[in-house]
A.B. asks: 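Dropping a structure here in structure tokens format, bear with me for questions.
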Amino acid sequence: MTAAAAIELPIGADEDIVRIRQLVRTRAQEAKLSLVDQTKVVTAASELARNTLTYGGGGRVVIDMPTNGRRVGIRARFIDEGPGIPDLDLALTEGWTSGKGMGLGLSGSRRLVDEFTLDTEVGRGTTVTIVKWSR
Amino acid sequence: MERIPILKIGDVLLVSIQIDLQDRDVLALQEDLSEQICDTGARGVVIDISAVDIVDSFIGRMFATIASTSRLFDATTVVVGMRPAVAITLVELGLTLGNVRTALNLEKGLAILRQIGGTRSDVLGRADDDQPVDR
């Protein structure tokens with residue numbers, strides 16, 4: 001099986017979030033995710049793209065389709081070179097927010113996907129990677 | 001940016017969201033609706049999301065804000081037509097729509113408003129007899 005090549009999109013404005021949602025949707029369909037799983041991963045991508053824009057000062061997303069044995073997945077990596085997250089445990093706490101949001105972005109999107117990794121360094125930036133596998 | 005049309009039918013304002021919402025569309029709709037409720041004295045607002053394939057925390061918060069704002073103008077907001085995949089995702093994301101009323105479809109949403117409208121005008125009628133209010 002040949003997976004689609006990785007695509008990188010910028011996250012610099014409102015309309016980029018919509019574009020990312022659309023690409024994630026297309027890839028999730030190609031990976032044959034169920035409608036519910038498509039909706040979950042698109043929603044998680046929307047939350048994380050907005051985080052990148054709001055808290056990371058913008059950045060980019062790299063979307064590809066990894067394989068794992070017979071399963072195909074969709075992977076999205078949200079990368080910013082913003083201020084980083086000083087207290088990760090706090091940031092992942094349900095309902096905690098540093099400002100504008102409802103505090104669901106990180107903790108909520110983590111629940112919507114199969115794999116969630118967060119790499120952050122104060123002053124260097126944050127990378128959040130999510131994967132959702134076909135069943 | 002696209003302006004989402006607001007239709008007035010009797011004392012109900014009807015909004016049917018047919019586009020992939022950008023954050024600024026969401027904010028514009030919030031403002032437009034408050035103005036329209038104020039200008040028209042509408043008693044109910046129905047937001048049809050049957051064509052919406054994802055609701056993230058930003059969009060979800062708009063529903064809650066519109067519902068709270070409309071209450072200040074003595075109007076009730078009902079969100080109708082949520083897709084099952086969207087509902088499942090919202091619950092897992094952890095987004096409770098607070099005191100936003102929901103209904104399966106437009107017809108049921110309008111029925112809810114009629115019901116509330118009836119009860120309320122009775123109450124209002126009595127209050128008006130006792131204490132005339134400045135208008």
Side-chain angles (χ1 to χ4, degrees), chain A residues 11-26 28-29 33-55 58 76 78 92-114 116 130 132, chain B residues 1-4 15-32 47-69 77 79-100 102 104:
Chain A
I11 306 174
D14 247 22
E15 53 264 34
D16 294 333
I17 301 177
V18 172
R19 210 167 299 133
I20 291 163
R21 288 205 292 247
Q22 285 162 353
L23 181 64
V24 170
R25 169 78 64 182
T26 311
Q29 282 165 350
L33 264 59
S34 71
L35 183 59
V36 171
D37 283 348
Q38 287 174 31
T39 307
K40 285 182 183 175
V41 71
V42 173
T43 306
S46 187
E47 297 292 335
L48 295 173
R50 188 175 296 105
N51 272 0
T52 301
L53 186 63
T54 312
Y55 303 113
F78 299 84
L92 283 167
T93 303
E94 179 82 48
W96 184 84
T97 171
S98 63
K100 303 182 191 176
M102 300 180 86
L104 293 170
L106 285 178
S107 59
S109 34
R110 180 155 70 163
R111 277 194 299 272
L112 295 175
V113 295
D114 297 323
F116 181 99
I130 55 171
K132 190 90 181 162
Chain B
M1 187 183 115
E2 292 184 64
R3 220 76 189 180
I4 298 160
V15 179
S16 183
I17 300 172
Q18 303 283 336
I19 56 162
D20 208 337
L21 290 170
Q22 281 185 32
D23 291 1
R24 70 183 74 141
D25 303 328
V26 168
L27 295 173
L29 177 62
Q30 233 166 258
E31 285 171 23
D32 289 352
I47 305 175
D48 168 42
I49 57 166
S50 55
V52 172
D53 56 14
I54 76 136
V55 172
D56 63 8
S57 63
F58 195 84
I59 301 171
R61 191 171 38 166
M62 162 186 71
F63 298 147
T65 307
I66 290 175
S68 311
T69 314
T77 299
V79 172
V80 305
M82 187 182 293
R83 295 181 180 186
V86 170
I88 292 169
T89 303
L90 271 184
V91 170
E92 221 153 300
L93 183 64
L95 195 68
T96 53
L97 287 183
N99 30 26
V100 181
T102 52
L104 268 187

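Chain letters run A, B, ... following the sequence lines, proteins first and then strands; every chain starts at 1.
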A.B. asks: Are any non-hydrogen side-chain atoms of T39(A) and R83(B) less than 4.5 angstrom apart?
C.D. replies: no

A.B. asks: Kindly compute the distance separating CD (Q22(A)) from CD1 (I54(B)), expressed to the nearest 0.5 Å.
C.D. replies: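 Separation between the atoms: 10.5 Å.
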
A.B. asks: Which of these passes salt bridge (charged side-chain N to carboxylate O under 4.0 Å, His left out) with E92(B): K40(A), R110(A), R111(A)?
C.D. replies: K40(A)

A.B. asks: Nearest 0.5 angstrom please: T89(B) OG1 to Q38(A) CD, how far?
C.D. replies: 10.5 Å

A.B. asks: Would you give the length of the straight line joining atom OG1 of T54(A) to atom CZ of F58(B), rounded to the nearest 0.5 angstrom?
C.D. replies: 8.0 Å

A.B. asks: Pick from D23(B), V26(B), L27(B): which one makes a side chain to side chain contact (heavy atoms under 4.5 Å, CB included) with D14(A)?
C.D. replies: D23(B)

A.B. asks: If we ignore hydrogens and angles and just use 3.5 Å, is the side chain of R50(A) paired with the main-chain N or O of S57(B) as donor and acceptor?
C.D. replies: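 No; zero donor-acceptor contacts below 3.5 Å.
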
A.B. asks: Considering all heavy atoms of both residues, which atom of S46(A) and which atom of D56(B) are nearest to each other, and what is their separation?
C.D. replies: OG-OD2, 2.5 Å

A.B. asks: Given heavy-atom pairs under 4.5 angstrom as the criterion, report whether the side chain, backbone, both or neither of I17(A) touches chain B.
C.D. replies: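 Just its side chain gets close to chain B.
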
A.B. asks: Considering non-hydrogen atoms only, spot the tightest contact between R21(A) and L21(B) and give its length.
C.D. replies: NH2-O, 2.6 Å

A.B. asks: With rounding to the nearest 0.5 angstrom, report the CG to OG1 distance, L95(B) to T43(A).
C.D. replies: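 Between atom CG of L95(B) and atom OG1 of T43(A) there are 10.5 Å.
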
